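Quick notes on the structure that follows.
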Amino acid sequence: MKKSLLGIIVVVVVIIVIGAAVAVYEVNYKKTTTPQTLVVEEPEPYDSLDPAVTFTTPGWEIMNQVYQGLVAPNGTSETSFVPVLAQNWSVSSNGMNYTFYLRHNVTFSNGDAFNAYVMWYSLYRNMILYQAPEFILGQNLATNNTGSSAPINNTYNVTATFLNTTSNFVNPNASSIAVMSNVNQSVQVVNPYELKIHMGFGYNGYLPYNAFLMTLTTPMAAAVDPKVVDGNGNGVVQGTPNSYMADHAVGTGFYEINSITTGQSITLKENPSYWGLNLSSSQMNDAISPPHIKYIAIEYKQASAMMSDLQAGKAQIVQLPVNYLNKTQNIKGVNASLLPIKFGSSENAYYVFMDQNVAPFTGASGLDVRAAVTYALNYTGMINAAFAGDGVQWIGPVPPGFQYYNRSISNLTPSELQYMQSQGYTSNVTSLKPYGYDPALAATYLNMAGYNAILPNGTVLKGANGTIPAVNFLYDSEDSSQVLAAQIIQQDLSAIGMNVTLKALTNTPYSSWIYGYLGNTSDYPMGINYYTEDYSAAIDYVYNLADGYYNGTGYYNNTVFNWTVNASTTFNTAVIAQNLTYITYTMYTNYTMAWLYVPYFLQVHTTDVSGMIPNAAGSGAGYFMYYNTVRFT
């Protein structure tokens with residue numbers, strides 16, 4: 001039976017009215033409900049999604065959301081920790097043994113179970129791959145005890161073959177358990193939910209390490225799913241990354257990978273089966289609580305594009321250079337501020353290296369040349385030019401803002417001076433201040449080294465060796481701050497009679513030379529270098545900056561090395577601070593580096609976003625650990 005025209009009209013009118021009502025509801029819903037996606041924009045993409053391989057801030061940012069380790073920093077602290085996959089732990093009185101009691105009912109996002117056997121597998125697997133961040137664990141742990149100074153008789157050797165051929169790490173057979181429960185190894189399973197870590201098998205020797213818990217907060221110590229590794233890519237191969245793990249990630253964390261556009265973006269989504277959803281409020285901490293926002297979209301863009309998106313409301317958190325402070329403060333609905341200087345230290349602490357194994361920086365005259373360089377530089381001018389004044393000079397190797405920095409640059413007591421002099425300290429300097437811009441003093445030092453020098457009034461001081469030979473000066477041409485600093489340094493040194501030839505390398509070859517060949521070539525006996533933390537601890541900086549093999553200075557002092565060992569192996573904070581002070585004074589008067597500057601870190605987010613917990617160990621937008629605490633307000 002056909003409908004009448006009137007009936008059709010009535011139906012159409014009803015449909016239109018209902019549709020209009022739905023449309024109004026949808027608009028109001030979008031205006032009144034909380035957004036489900038947080039958009040974060042950053043300048044550089046991640047390098048790998050494998051926790052054993054990634055060694056960049058963008059990579060670690062993703063790892064911290066998808067993967068988890070035994071412990072995490074406690075809020076904003078870099079010296080206290082909260083339980084994650086471990087429920088609690090204890091440390092032996094000599095600091096050589098850590099016992100972790102693991103949580104029950106933890107699963108990976110695919111439903112696979114986690115326990116002590118899986119954690120054992122993960123730690124050894126991450127070391128066996130032997131990629132760039134391996135040393136973070138390898139300084140204290142090892143896959144075997146060959147050459148170890150540990151006082152044990154039995155030998156052990158955990159191999160890729162064992163990891164690949166053990167069929168079940170959740171419920172292993174008796175022979176596999178025998179291997180994993182061997183007490184004479186770095187990582188020992190006591191039972192399915194108890195794990196012991198024994199120090200002293202790594203290259204640091206049979207010694208405790210007071211920053212060990214902080215090393216366990218890095219992706220290198222994250223739990224990975226043996227089934228995922230074994231069933232994809234090339235499994236575990238000594239010294240070789242797993243191709244599948246490079247762009248896939250299955251962890252125990254509160255987020256999982258949703259989508260990837262290589263080199264452009266990655267989106268994380270809330271893990272619907274996250275084990276932390278089953279915890280009571282009394283068991284929660286900020287490192288394990290379920291997330292408030294369903295999706296995290298991380299996009300990689302140039303600074304100009306970030307600014308446009310921020311102004312258009314398309315991004316809520318952006319990572320911009322510090323010289324964007326004034327521009328971002330003028331955007332309505334945006335909070336832009338400088339974080340404490342320790343956040344700048346965790347990113348980049350800059351210095352000029354001078355290779356003490358290459359002329360003109362060698363020997364007694366080389367000391368005077370290095371002193372000339374340090375006093376010739378206009379540090380304030382560099383900070384103003386590169387960062388619009390938003391940076392500070394520093395005195396290394398302890399970075400500013402970190403624990404022990406203020407003590408390391410404090411005045412020496414008479415007894416401390418006496419002790420240092422008994423250990424070979426040849427200076428009478430008992431108080432420190434950042435190297436100052438003093439061209440006259442710089443010229444005097446250059447002339448003391450035997451070279452012609454020019455005083456500020458134009459007077460030429462003649463030296464027995466004539467004009468100092470020109471020196472190649474290395475810098476990163478893709479780092480705008482280094483470009484500006486290099487030009488100022490060239491001008492400042494020329495003003496006292498020292499010529500440097502600027503040698504620019506693009507970021508990739510610059511980084512390759514800095515990280516791979518320092519101490520092995522005289523092509524660049526001088527240049528700009530910087531240190532970025534491997535993990536958030538002062539001793540990490542000291543180990544790398546006080547040893548010239550790692551920083552381009554060619555500097556090695558056995559007494560300084562012993563003080564470094566003392567500072568890393570005691571749990572007495574006063575003794576740690578005192579040893580770091582000895583190191584600082586010795587390097588300062590040796591003019592090991594011209595300590596340049598640390599730029600402040602710029603925090604930028606829209607005002608409707610909160611919950612970021614700043615921590616110098618964090619990599620989320622460069623300054624916080626986890627996105628689970630972030631929320632729309």
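What you see is a predicted model; the values in this text were computed from it and never measured. The residues of the chain are indexed from 1 along the displayed sequence.
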I'd like to know if the side chain of [X] and the backbone of [Y] have a donor-acceptor N/O pair within less than 3.5 Å.
| X | Y | result |
| --- | --- | --- |
| D476 | Y510 | no |
| N232 | V228 | yes |
| T166 | N168 | no |
| T532 | E347 | yes |
| Q131 | G239 | yes |
| S186 | A142 | yes |
| N126 | M220 | yes |
| T217 | M214 | yes |
| E61 | A621 | yes |
| Q65 | M625 | yes |

Open item on the list: I'd like to know whether CG of N105 has more than 12 heavy-atom contacts from other residues, nucleotides or ligands below 6.0 angstrom.
Closed with: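 No.
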Please find the pair of heavy atoms, one from [X] and one from [Y], that lie closest to each other, and give the distance.
| X | Y | value |
| --- | --- | --- |
| P51 | P219 | CB-O, 3.3 Å |
| L277 | P272 | CD1-O, 3.6 Å |
| L320 | Y324 | CB-CB, 4.1 Å |
| Q238 | A160 | N-CB, 4.1 Å |
| T606 | A315 | CG2-O, 3.6 Å |
| M306 | E42 | CE-C, 3.3 Å |

Mind checking what makes side-chain contact (heavy atoms from CB on, under 4.5 Å) contact with [X], not counting sequence neighbours?
| X | result |
| --- | --- |
| S273 | N271 |
| S167 | none |
| N544 | Y531, D534, D540, Y550 |

Open item on the list: Which label fits Y209 and Y543: parallel for a plane angle under 30°, tilted from 30 to 60°, or perpendicular past 60°?
Closed with: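 Plane angle between 30° and 60°, so tilted.
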TODO: Just do the side-chain hydrogen bond (donor to acceptor under 3.5 Å, both in side chains) check on T506 and T508 with the steps written out, would you?
DONE: CA-CA 6 Å; T506 56; T508 298; 5.7 Å; no
Let me confirm one number: the [atom1]-[atom2] distance from [X] to [Y], rounded to the nearest 0.5 Å.
| X | Y | atom1 | atom2 | value |
| --- | --- | --- | --- | --- |
| I296 | I62 | CD1 | CD1 | 11.5 Å |
| N628 | M284 | CG | CE | 9.5 Å |
| L602 | T328 | CG | OG1 | 5.0 Å |
| T57 | Y46 | OG1 | OH | 16.0 Å |
| I136 | N140 | CD1 | CG | 11.5 Å |
| Y535 | T218 | OH | OG1 | 9.5 Å |

Open item on the list: Test: ring pair (Phe, Tyr, Trp, His ring centres under 6.0 Å). Region: residues 262-300. Which pairs qualify, not counting sequence neighbours?
Closed with: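 Those involving residues 262-300 are F254-Y274.
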- [ ] Scan residues 606-625 for pairs that pass ring pair (Phe, Tyr, Trp, His ring centres under 6.0 Å), counting only residues two or more places apart or in two chains.
- [x]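 For residues 606-625: F601-Y623, F624-Y627.
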- [ ] Identify the residue among L268, I298, I317 that makes a side chain to side chain contact (heavy atoms under 4.5 Å, CB included) with L38.
- [x]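 Output: one option passes, namely I317.
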Open item on the list: Please enumerate all residues that pass salt bridge (Lys or Arg N to Asp or Glu O under 4.0 Å) together with E41, with sequence neighbours excluded.
Closed with: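 So E41 forms a salt bridge (Lys or Arg N to Asp or Glu O under 4.0 Å) with K301.
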- [ ] Could you tell me which residues satisfy salt bridge (Lys or Arg N to Asp or Glu O under 4.0 Å) with D50, sequence neighbours excluded, listed by chain and number?
- [x]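 So D50 forms a salt bridge (Lys or Arg N to Asp or Glu O under 4.0 Å) with R125.
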Could you tell me whether the side chains of [X] and [Y] share a donor-acceptor contact shorter than 3.5 Å?
| X | Y | result |
| --- | --- | --- |
| N173 | S176 | yes |
| D608 | T633 | no |
| Q283 | S280 | yes |
| N64 | S619 | yes |
| N615 | T76 | no |
| D286 | T629 | no |
| Y530 | N551 | no |
| N182 | Q185 | no |

- [ ] Return the set of residues passing side chain to side chain donor-acceptor pair (under 3.5 Å) with H198 (not counting sequence neighbours), or none when no residue passes.
- [x]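 Expected list: N97, Q188.
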- [ ] Go through W120 and F100 one step at a time and tell me if the ring pair (Phe, Tyr, Trp, His ring centres under 6.0 Å) criterion holds.
- [x] CA-CA 12 Å; W120 183 96; F100 295 92; over 10 Å; no
Task: Qualifying salt bridge (charged side-chain N to carboxylate O under 4.0 Å, His left out) pairs, either residue in residues 610-626, two or more places apart - done: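 Every pair satisfying salt bridge (charged side-chain N to carboxylate O under 4.0 Å, His left out) with a residue in residues 610-626: there are none.
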Task: Residue pairs involving residues 245-263 (criterion side-chain hydrogen bond (donor to acceptor under 3.5 Å, both in side chains); sequence neighbours excluded) - done: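 side-chain hydrogen bond (donor to acceptor under 3.5 Å, both in side chains) check on residues 245-263 returns Q68-T252.
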Open item on the list: Going by side-chain hydrogen bond (donor to acceptor under 3.5 Å, both in side chains), name the pairs with one or both residues in residues 333-345, residues two or more places apart or in two chains.
Closed with: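 Those involving residues 333-345 are E78-K342, S337-Q603.
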- [ ] Starting from the C-alpha separation in whole Å, work towards a yes-or-no answer on side chain to side chain contact (heavy atoms under 4.5 Å, CB included) for L310 and V334.
- [x] CA-CA 8 Å; L310 190 65; V334 170; 3.9 Å; yes
Task: Steps toward side chain to side chain contact (heavy atoms under 4.5 Å, CB included) verdict (Q316, F632) - done: CA-CA 10 Å; Q316 288 78 49; F632 285 100; 3.8 Å; yes
Open item on the list: Counting C-beta onward and ignoring hydrogens, is there a side-chain heavy-atom pair between L213 and L216 closer than 4.5 Å?
Closed with: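 Answer yes - side chains close enough.
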Task: Full working for ring pair (Phe, Tyr, Trp, His ring centres under 6.0 Å) between Y98 and F212 - done: CA-CA 10 Å; Y98 291 71; F212 180 63; 4.9 Å; yes
Task: Residue list, ring-ring contact (aromatic ring centres under 6.0 Å, His included) with F343, at least two apart or on another chain - done: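 F343 satisfies ring-ring contact (aromatic ring centres under 6.0 Å, His included) with no other residue.
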TODO: Step through it carefully: locate the ring centre of Y117, locate the ring centre of F169, and say whether they are under 6.0 Å apart.
DONE: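 No; F169 has its ring centre 6.0 Å or more from that of Y117.
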Task: Ring centre gap for Y193 and F114 strictly below 6.0 Å - done: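 No: the rings miss the under 6.0 Å criterion.
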